[in-house]
Amino acid sequence: MEAIEKANAEALRRIFAAETVLVDVKPAGEVIPGLKKGMILHAGPPITWDRMCGPMRGAVCGIAVFEGLAPDLAVAETAAAAGKFAFHPNHHFGAVGPMTGMVTPTQPVLIVENKAFGNRAFCTINEGLGKVLRFGGNDKEVLDRLRWTATVLGPALSAALQRAGGIPLKNIIARGLSMGDEMHQRNIACSALFMREIAPALGQWLDEKLTGVLKFVGQNDQFFLNIAMAMAKSIMDPVRDIPNSTIVTAMCRNGTDFGIQVSATGSEWFTAPVEMPVGMYFPGYSEKDANPDMGDSAIVETIGLGGCAMATSPAVAGFVGAGKASEAAQYTMAMYEITAGRSPDWTMPNLDYAGLPTGIDIRKVLQTGITPYINTGIAHRLPGVGQVGAGIARAPLACFEKALERVAEVLT
């Protein structure tokens with residue numbers, strides 16, 4: 001249909017025109033409009049306490065204690081069950097968060113501005129791997145790290161970014177792709193490139209705390225993930241509300257439901273039960289311990305990264321249990337079948353510099369039966385344990401079926 005093709009061409013134009021810059025780090029309550037004390041933003045589509053999975057509940061209790069909404073985890077759990085906290089999806093506030101995706105007023109958030117369209121998007125700072133809040137961890141070690149992030153790391157990054165005048169992100173992504181990153185489960189190169197960019201400005205901060213900041217960022221191979229997520233959100237928000245467009249603007253999951261949003265239908269959610277990831281587990285754990293997939297991080301797949309860019313990161317294939325390194329390109333080739341175009345800015349050297357598959361088209365998903373591949377971490381199904389592995393998840397086909405039926409109703 002000509003109207004759809006024209007609309008999707010406009011969607012791609014907006015994606016490729018994005019000029020994204022990491023401009024600052026500030027407490028979420030100072031920069032996210034409408035975020036107030038007592039509100040807890042979470043990953044995925046809307047969900048209530050009674051339907052939340054174990055790690056999501058664990059993260060809610062932990063962040064409630066961190067925010068001073070409860071004195072301990074037990075009181076927090078009782079308060080949550082009694083409806084004392086207001087739960088909202090991050091996407092409703094221009095934000096994203098990995099795994100459980102907790103965003104609350106005191107937490108510092110990365111601020112990415114899309115200079116081409118004037119909008120901003122937000123994401124919390126990556127905590128590192130293992131027992132962390134985003135995987136449902138909530139003990140003293142987890143909360144102390146959150147407090148250090150809020151009082152030391154966040155202000156340090158803010159001061160450095162202001163000195164640097166912000167850090168453009170698209171070139172970092174382009175270089176990271178050529179160095180083996182796919183920006184979902186592998187961010188080693190981009191994290192190092194980010195450190196190289198911000199180090200001179202951080203170096204002006206002559207304080208005994210600087211060593212701790214450099215050590216934390218330098219040892220966190222996934223640090224750049226949260227920056228990439230905020231960047232992706234800032235790119236895709238201007239793609240919303242294009243009449244007749246069938247391009248997916250958001251994909252996310254909360255451990256119970258998987259949800260997508262489509263350009264033509266704005267903020268309307270199309271959901272289905274989330275699926276279990278398939279992958280590799282840390283020693284002592286197995287699929288019996290795993291929670292269904294969760295997190296807002298699938299926003300990176302909507303702009304062609306993550307599972308779409310597996311060809312550029314064969315090392316990830318083994319890490320997430322996706323087969324041999326030599327088979328990684330097969331995932332990218334499949335994503336070409338369901339996307340509307342190829343990125344002119346982000347290319348893959350080992351595919352003769354072909355552009356990344358970009359712009360998931362719900363029509364092509366249904367025509368081919370191929371659903372998006374999503375590289376993901378795996379959380380333990382019980383609260384308080386943390387990460388137990390990494391793998392690949394698939395978006396449920398039912399989400400795309402519901403979305404196309406609705407788009408057909410609003411075609412002009």
Side-chain angles (χ1 to χ4, degrees), residues 23-52 55-113 118-127 133-134 136 138 142-143 145-151 153-155 157-158 226 229-230 233-234 237 240 250 252 254-257 259 261 266-269 294-296 299:
V23 295
D24 208 344
V25 174
K26 292 291 183 183
E30 295 181 11
V31 294
I32 298 181
L35 180 59
K36 302 176 182 178
K37 185 177 178 64
M39 295 173 60
I40 297 177
L41 308 188
H42 60 78
I47 193 170
T48 53
W49 172 261
D50 60 295
R51 298 186 64 245
M52 286 184 184
M56 184 74 77
R57 289 188 175 200
V60 165
C61 293
I63 204 64
V65 173
F66 170 77
E67 286 287 340
L69 302 176
D72 56 47
L73 298 175
V75 173
E77 184 174 6
T78 300
K84 300 297 184 181
F85 310 141
F87 299 116
H88 301 277
N90 285 316
H91 276 287
H92 292 184
F93 290 79
V96 282
M99 302 306 290
T100 59
M102 301 289 104
V103 176
T104 50
T106 305
Q107 289 179 284
V109 289
L110 302 152
I111 306 169
V112 173
E113 183 172 336
N119 63 296
R120 289 184 167 189
F122 314 93
C123 187
T124 49
I125 298 172
N126 194 280
E127 309 162 79
L133 187 79
R134 72 178 185 276
N138 56 20
V142 172
L143 299 184
R145 188 186 304 112
L146 291 177
R147 295 185 183 103
W148 177 82
T149 299
T151 58
L153 180 58
L157 292 175
S158 176
N226 295 41
M229 288 175 60
K233 177 67 173 170
S234 76
D237 272 359
R240 294 174 178 272
C252 56
N254 55 33
T256 302
D257 300 317
Q261 294 178 327
S267 59
E268 188 171 350
W269 289 102
M294 61 181 178
D296 290 330
I299 190 71

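For reference, positions follow the sequence shown, starting with 1.
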Report summary line: In short, Leu35 meets Leu41 closest at the heavy-atom pair CD1-CG, 3.9 Å

Query - Under 3.5 Å donor-acceptor, Glu127 side chain and Leu133 backbone - result: yes

Query raised in the report: Once you round to the nearest 0.5 Å, how far does CG of Asn226 lie from CZ of Arg134?
Result: 6.5 Å

**Report entry** Sidechain-backbone polar pair: Thr149 side chain, Arg145 backbone, donor-acceptor under 3.5 Å
**Finding:** yes

Query - Residue pair Pro98 / Cys123, side-chain heavy-atom distance below 4.5 Å - result: yes

**Report entry** Thr104 versus Glu67, side-chain donor and acceptor atoms under 3.5 Å
**Finding:** yes

Report task. Please answer whether the main-chain N or O of Ile111 pairs with a side-chain N or O of Asp24 as donor and acceptor at a distance below 3.5 Å. Result -> no

Requested in this report: Apply side chain to side chain contact (heavy atoms under 4.5 Å, CB included) to Trp148 and Leu153, showing your working.
Outcome: CA-CA 7 Å; Trp148 177 82; Leu153 180 58; 3.7 Å; yes

Query raised in the report: So how far is it from Leu69 CG to Lys84 NZ, rounded to the nearest 0.5 Å?
Result: 12.5 Å

**Report entry** Nearest-0.5 Å distance, CE of residue Met99 to CE of residue Met56
**Finding:** 9.0 Å

Requested in this report: Kindly determine whether Val31 and Phe122 satisfy side chain to side chain contact (heavy atoms under 4.5 Å, CB included), including the steps that lead there.
Outcome: CA-CA 9 Å; Val31 294; Phe122 314 93; 3.9 Å; yes

Report task. Show your working on side chain to side chain contact (heavy atoms under 4.5 Å, CB included) between Phe93 and Met39 and close with a plain yes or no. Result -> CA-CA 12 Å; Phe93 290 79; Met39 295 173 60; 3.4 Å; yes

Requested in this report: Would you please classify the geometry between the Trp269 ring and the His92 ring as parallel, tilted or perpendicular, with 30° and 60° separating the classes?
Outcome: tilted

Requested in this report: Hey, could you give me the CD1/CD1 distance between Ile63 and Ile40, rounded to the nearest 0.5 Å?
Outcome: 7.5 Å

Requested in this report: Work out which heavy atom in Thr100 is nearest to a heavy atom in Pro55; give both atom names and the distance.
Outcome: CG2-O, 3.5 Å

Report task. Give a yes or no on whether the backbone of His42 and the side-chain of Asn90 come within a donor-acceptor separation of less than 3.5 Å. Result -> yes

Report summary line: In short, Asp296 meets Val96 closest at the heavy-atom pair OD2-CA, 3.6 Å

Query raised in the report: Roughly how far, to the nearest 0.5 Å, is NE2 of His91 from CD of Gln261?
Result: 6.5 Å

Query - Point-to-point distance, once rounded to the nearest 0.5 Å, from OG1 of Thr124 to CG of Leu146 - result: 9.0 Å

Requested in this report: Return yes if a side-chain donor-acceptor contact under 3.5 Å exists between Asn119 and Asp237, otherwise no.
Outcome: no

Query - Minimum heavy-atom distance Lys233-Ile299, with the two atoms named - result: N-CG1, 3.8 Å

Report task. Taking the side chain as every heavy atom from C-beta outward, state whether Pro45 and Pro89 have any pair of such atoms under 4.5 Å apart. Result -> no

Query raised in the report: Which heavy atom of Asn254 sits nearest a heavy atom of Asp257, and at what distance?
Result: OD1-N, 2.7 Å

Report task. Compare every heavy atom of Ala230 with every heavy atom of Ala121, then report the nearest pair and how far apart it is. Result -> CB-O, 3.3 Å

Query raised in the report: Quick check: does any side chain N or O of Arg57 sit under 3.5 Å from a backbone N or O of Trp49, one acting as donor and the other as acceptor?
Result: yes

Query raised in the report: Between the side chain of Thr256 and the main-chain N/O of Arg51, is any donor-acceptor distance below 3.5 Å?
Result: yes

